[in-house]
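Chain letters run A, B, ... following the sequence lines, proteins first, then strands; residues in each count from 1.
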Amino acid sequence: MTGPDMTKRGTAGPAAAGPAVAGPMLEVSDLHVQIAARHGTVRAVDGVSLEVAGGEALGLVGESGSGKSMTLRAILGVLPPEARITSGQIVLDGVDLVPLSNSDLNHIRGPKMSMVFQEPMSALNPVMRVGHQIAEGPRVHMGYSRSKAAERALELMRRVGIPDPERRFRAYPHEFSGGMRQRVMIAIALSCDPEIILCDEPTTALDVTIQDQILRLLARLCADSGVSLIFVTHDLPVVAQLCQRVAVMYGGQLVETGDVREVLLDPRHPYTLGLVRSAPDVEYVRNSLVAIPGSPPSLVTPPSGCRFHPRCEFAEEDCKVQPTPLRELPGGSRSRATACLHYERCQDAVAADRVGP
Amino acid sequence: MTAAAGQPGGPGTGAALDGAAGVTGTAPLLSAAGVAVSFAVGSALAARVRQQQRLLRAVDGVDLALARGEALALVGESGSGKSTLALALAGLRSVDQGEIRFDGRVLPTRRSRADQRRIQMVFQDPYSSLNPRLTVGGMLRELLRVHHIVPSGEVEAYSTELLTLVGLGPDALPAYPRQFSGGQRQRVAIARALALRPDILVADEPVSALDVSVQATILNLLRDLRGELGLTLLLISHNLAVVRHLCDRVAVMYLGRIVEVAPTEQLFSNPRHPYTKGLLAAIPRLADSASSQITAADSGPAVAGDMPSALRIPAGCRFRTRCPIAQEICETADPALTQDIGAPAHQAACHFAFTAAPSAAALAAPAAAAPPAVAPGVPRQQQRKD
Amino acid sequence: MSAISFPEPVLAAEAAEHAQPRGARRWYRQPALASGLILLGIIVLAAAAAPLLTPYNPIHQNLGASLLGPSAQHWLGTDQTGRDTFARLLYGLRTDLRIGIIAVLLPFCIGTVTGSIAGYFGGSVDTVLMRLVDIVVAFPFYVLIIALVFVLGPGQRSIYIAITLVGWVSYARIIRGEILVAKRQDYVLAARGGGLSSVRIIRRHLLPNVISQAIIYSMSDIVQTILAIVTLGYFGLGVPPPTPDLGSMINDGQNFLTTHWQLTTFPGLAVVVVGLSLSLIGDGLADLIRPGQS
Amino acid sequence: MTFVFRRLLMLIPVAIGVTIVVFFMIHLIPGDPARTVLGIHATPQRIAILHRQWGLDRPLVSQYWLFMDRLMHGNLGQSLYYGVPAAGLILSRLPPTLWLICYAAVLAVAVSVPLAMIAATRKDAVRDHVVRAVPLVGLGMPPFWVGILLVYALAIHVHAFPVSGYGTGFGGHLHSMFLPALTVAIALAPVVIRSLRASMLNVLGAEYITTAKSKGVPGPRLFLRHVLRNAVIPAVTVLGINIGFLIGGTVIIEFIFAIPGIGQLMINSIFQRDFPVVQGVTLVFGVLVVLVNLLADLSYAALDPRVRFDR
């Protein structure tokens with residue numbers, strides 16, 4: 001078991017567009033996750049490759065059923081029993097996690113990576129005192145004594161902004177508000193100084209003002225301790241606020257990746273474009289929101305070729321047959337890539353949008 | 001008009017009603033005056049032991065008016081009482097205090113079937129709002145028969161017409177809810193509400209349970225229906241972006257009270273209540289992520305802390321526990337909704353809403369003031385077509 | 001009104017996939033339900049066709065042929081008064097099944113009605129009804145049944161009364177609980193918003209959604225009731241002799257346990273098989289209604 | 001602790017209701033209860049004495065008051081058969097019954113918990129299906145029949161256990177009552193296995209278990225700290241609800257195994273038409289169940305912090 005001795009870099013801000021590259025801290029390559037279901041095998045994650053550098057926040061965006069949560073759970077090794085990784089590599093700090101046994105993974109979960117969930121109420125053990133839940137990680141992984149772990153828990157509670165931690169230590173999760181519960185979750189995730197925190201829609205269940213607080217907290221923690229984030233969400237503006245890079249998922253595959261500003265303001269995949277156009281925005285009011293027609297693809301019998309082609313306005317014959325892996329875009333920044341064969345058309349559409357109808 | 005110290009927890013003054021109605025210059029179609037709704041929580045003894053109210057005052061003295069044909073948004077965070085207020089207005093929750101008027105007539109606590117028909121609701125979760133054991137045709141038929149909307153021979157044709165109106169075909173009639181996707185279910189729910197030819201449609205978070213790409217279709221549908229049927233719409237939402245897309249006027253709720261009401265553009269460009277300002281600042285923005293991205297050096301959150309429990313409503317101004325400009329007066333005097341002298345349609349319940357606040361500079365400038373940069377979309381000025 | 005066109009397809013094929021595929025919900029795709037139904041069908045058929053399956057009269061005594069072992073004439077032998085055990089088994093099954101099923105009907109109806117009222121209206125009606133339930137539940141099932149049959153005197157009528165007085169409670173609890181959950185669903189609010197009456201909402205919107213739980217429970221309730229009837233028969237408090245009944249058969253056979261074990265074992269096994277078939281049906285139904293659970 | 005207080009408060013109407021039910025048992029008897037109870041050979045004097053004893057000549061309400069007044073003084077009436085106070089008789093027969101109940105409960109838990117664990121940890125594996133078959137068969141077995149077969153197999157055939165009786169001393173009780181306790185446990189186990197398996201599956205699928213895994217909590221600690229504690233909570237409720245069944249089962253089992261408890265007393269008294277004793281035993285059983293349910297609810301509250309606060 002290695003301690004968190006890796007040099008941690010803080011990000012000065014988004015302007016520093018990713019820290020100096022020293023090889024990715026987490027590298028997922030060609031990950032496949034399949035779920036056995038009654039009506040067939042669901043290919044929930046189908047060839048996903050990701051990289052996260054130290055101190056970087058990566059947004060993983062997609063609608064429900066796009067496989068973004070499954071990807072996260074596969075990385076952490078907490079897939080539901082009927083799901084399994086069929087192929088691919090998940091390399092964290094030079095170690096491939098896929099072949100590791102559950103007990104080997106237990107030495108990595110906590111000290112190296114941890115997770116924050118969407119519903120803090122159901123993600124916290126209802127019959128265990130909050131303080132003990134935070135202290136459990138240090139007890140197990142750092143060999144802390146009961147009192148030392150409790151001290152650590154108190155310190156963490158202070159760090160994530162839980163007022164009156166001495167009193168709150170002995171409280172149960174149901175005595176907390178939603179925002180406070182999420183702070184507890186974050187404290188648990190931080191408890192063993194991990195290198196990367198996987199966040200599964202951590203603010204979706206929260207109100208806007210609380211979401212704002214939690215996002216700020218996460219941003220501050222990342223900057224202070226240099227911890228990396230993978231932030232799964234369906235909310236594009238949230239990604240825009242927190243992450244430096246973004247990866248868009250559709251039907252179990254990545255369709256577009258790149259710098260957050262480039263992807264969200266100048267999408268090069270019709271699905272990303274559709275997401276951007278269909279979300280009502282406080283700043284811009286359109287005459288009519290543009291919806292993405294159709295419904296998400298079946299993951300049992302996915303469409304041939306590009307999985308988005310049945311819903312795509314730009315689709316051509318070749319989209320129906322030709323496989324569409326992610327391809328780097330000429331002239332884009334690091335890892336700016338799209339899976340669209342006709343991405344130039346998005347460019348035109350974006351340009352047209354700017355001019356106005 | 002300065003803030004009169006109201007009774008904490010008591011209903012607000014009816015004076016504010018005139019302003020709201022004044023927007024259109026006619027008598028409001030639906031109005032609430034001093035409406036309060038509470039729930040009994042736990043035992044009286046437990047409440048005494050823990051020194052709190054036994055009644056959870058979900059809605060605590062609300063004055064609100066809805067003019068015929070307008071679209072009013074009720075905005076607030078969870079726990080603000082907006083859904084409870086919606087249920088009370090729709091006659092699905094009895095009111096403890098105050099009165100609800102429809103077309104100038106006070107609606108009784110137990111509404112008649114005819115009154116019930118006039119205000120119809122669309123609920124948040126289309127998975128729970130449709131009876132899984134009834135076909136779409138069956139649920140429409142039942143309503144149409146009970147209310148004698150059309151002669152029994154025309155039920156089928158009318159149902160088909162309704163479904164077409166919401167973008168579904170006649171083949172939806174024999175289908176069960178489970179055969180539809182989320183967006184389609186919401187269309188069925190809208191058809192069901194419209195079946196009774198209501199005067200007012202109350203939509204409680206109609207898109208928040210749907211995927212982003214589907215949300216747009218439902219919002220567009222609501223907007224088109226408004227234009228087509230001249231519907232009066234009360235939209236309940238926590239999402240200010242949705243509201244801005246759809247509504248003429250916005251009422252912001254906090255802890256059971258309305259703290260600010262204004263025409264949409266006025267509210268977004270010139271919010272007066274510190275809570276509204278915080279709420280607007282807290283919304284993550286897609287546009288120009290560089291300017292809105294959180295950095296380590298950033299200032300504190302838009303609104304600090306949690307909303308207090310409705311069991312322990314603070315004395316004086318209920319927002320003061322989280323307010324960046326709270327003064328001594330805020331602890332003692334409960335501010336009533338007051339009008340902006342320049343723009344009477346704009347009301348806010350803050351002691352410093354329309355005066356120079358003592359430490360207004362401490363407040364972050366409203367984020368909406370930032371000029372929008374390039375983004376796929378249409379500039380705001382082109383937004384209103386009517 | 002003019003139509004507004006929308007890009008969404010009318011009935012998304014994908015939506016149907018997210019929901020239950022209709023085929024998988026058919027009863028014969030449920031192994032538990034299918035085997036339970038077939039098993040119960042055989043038992044009911046055998047009991048109903050008892051006169052065709054055996055030439056013997058279950059009441060007719062033949063002291064010359066007492067305590068015979070199994071043979072070609074008497075498949076399961078005879079008892080101490082020379083009655084054919086197989087014939088008594090079939091006729092006993094007939095009696096106990098009939099009483100068991102009929103005895104459950106009335107509690108089912110009473111419990112469903114009181115449970116719906118308590119659950120839907122809540123308040124003091126609910127409090128009173130639920131305290132009543134608490135009181136009945138305070139007595140152990142067998143103690144109350146035995147005591148009631150004792151004071152009412154043995155016989156079928158007493159069994160029906162006793163089972164009804166005790167049995168409605170479970171249905172009331174189940175239906176009330178389910179209604180409390182279903183009541184919070186928005187479709188009930190929508191029905192109220194549609195101006196429908198309470199009776200109509202309960203009948204048309206709530207009961208169809210919650211009754212399945214009571215039906216599932218009724219399967220194990222029939223089993224429990226048959227067990228109670230057999231137990232009462234064993235103590236001589238059930239169906240009065242000479243009507244054949246599995247409980248009294250076990251009691252009669254008990255004296256010859258060491259020499260003629262089949263006299264005690266087979267009536268009991270018959271009950272076990274009936275119980276198995278009904279439990280399978282109950283489980284299968286539960287699976288059908290809520291796949292993935294149970 | 002307002003929960004405890006409220007729970008105790010709820011006891012009052014139930015306790016009163018129980019006495020009313022027991023009181024009304026007399027009036028369920030068709031015809032003249034005294035005559036029915038005493039049989040056709042009863043002398044008019046005896047009937048008159050019983051009438052006075054039970055207060056049958058008074059209005060119903062005052063009859064109930066009389067009943068309650070006697071009850072408060074620990075008077076359950078005279079046994080018609082033994083001619084002694086029913087209360088004393090019942091009290092002397094109580095220990096074997098309590099022994100049997102506790103013994104059976106321990107055995108039932110000892111059988112059910114491992115089986116439920118085996119099934120839940122490998123859902124839909126062979127072992128899960130085997131365990132799930134146990135309740136299917138078990139629920140349909142008449143307890144008294146199981147008792148008879150156990151006696152035949154393990155007492156008469158193998159002589160491993162006595163055919164009947166209560167035994168002396170702790171060890172003796174443990175040995176003599178094994179078969180009866182096992183019989184009751186077999187009747188109870190299917191229900192417990194089912195609910196425990198379901199609640200364990202629920203807990204294993206809960207998000208907080210994933211949280212614990214994401215902390216790298218090792219297996220044994222995960223099971224003890226996170227799974228078991230949460231899974232036991234609903235099982236306690238189910239056990240509480242079914243405790244009535246457990247206690248009721250002892251009536252039959254005591255009779256089968258000739259254990260001198262109140263269950264056997266009840267059945268014997270029924271045969272002897274000893275009405276006051278039957279009434280008294282019914283009341284005691286009612287009180288027993290109410291107390292055990294109270295215990296179950298209180299332990300539920302102790303296990304689950306959410307219950308202690310209302311809302």
Minimum heavy-atom distance between [X] and [Y], given as atom pair plus value:
X      : Y      : answer
D:G140 : C:L227 : O-CD2, 3.5 Å
D:V290 : C:A138 : CG2-CB, 3.5 Å
C:T265 : D:W145 : O-CZ2, 3.3 Å
C:G268 : D:P142 : O-CD, 4.4 Å
D:T282 : C:A147 : OG1-CB, 3.9 Å
C:T231 : D:I252 : CG2-CD1, 3.6 Å

Taking every heavy-atom pair that is under 4.5 Å apart, which of [options] has the most such pairs with chain D?
options                        : answer
C:V137, C:I145, C:L269         : C:L269
C:V136, C:I146, C:L144         : C:I146
C:L276, C:V273, C:V274, C:I226 : C:L276
C:L237, C:I161, C:T264         : C:T264

Plane angle bin for C:F235 and D:F255 - parallel if under 30°, tilted between 30 and 60°, otherwise perpendicular
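Ring orientation, 0 to 90° scale: perpendicular.
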
[options]: which one forms the most heavy-atom pairs within less than 4.5 Å of chain C?
options                        : value
D:G286, D:G249, D:P135, D:G138 : D:G286
D:I20, D:L136, D:V289          : D:L136
D:V151, D:I247, D:V18, D:N293  : D:V18

Heavy-atom contact with chain C under 4.5 Å, split by part of [X]:
X      : result
D:I267 : side chain
D:L149 : side chain
D:I262 : neither
D:V137 : both
D:V14  : both

Are any of the side-chain heavy atoms of [X] and [Y] separated by less than 4.5 Å?
X      : Y      : answer
D:L288 : C:F139 : no
C:R131 : D:I16  : no
D:F144 : C:N251 : no
D:T250 : C:Y142 : no

Check each atom of C:L278 against the heavy atoms of chain D and say whether the ones under 4.5 Å are side chain, backbone, both or neither.
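Neither the backbone nor the side chain of C:L278 comes within 4.5 Å of chain D.
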
Interchain contact, C:L132 with chain D, by part (heavy-atom threshold 4.5 Å)
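Looking at C:L132, nothing touches chain D.
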
For D:Y81, does the OH atom have more than 12 heavy-atom neighbours from other residues, nucleotides or ligands under 6.0 Å away?
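No.
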
Would you indicate whether D:H157, at its atom NE2, is surrounded by more than 12 heavy atoms from other residues, nucleotides or ligands within a distance under 6.0 Å?
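Atom NE2 in D:H157 is not packed in, count stays at 12 or less.
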
Given C:D283 and D:R194, is the side-chain contact (heavy atoms from CB on, under 4.5 Å) satisfied, shown in steps?
CA-CA 11 Å; C:D283 269 19; D:R194 263 190 180 198; 2.9 Å; yes

Test side-chain contact (heavy atoms from CB on, under 4.5 Å) on C:F150 and D:M266 and set out the steps.
CA-CA 11 Å; C:F150 164 61; D:M266 181 179 183; over 6 Å; no

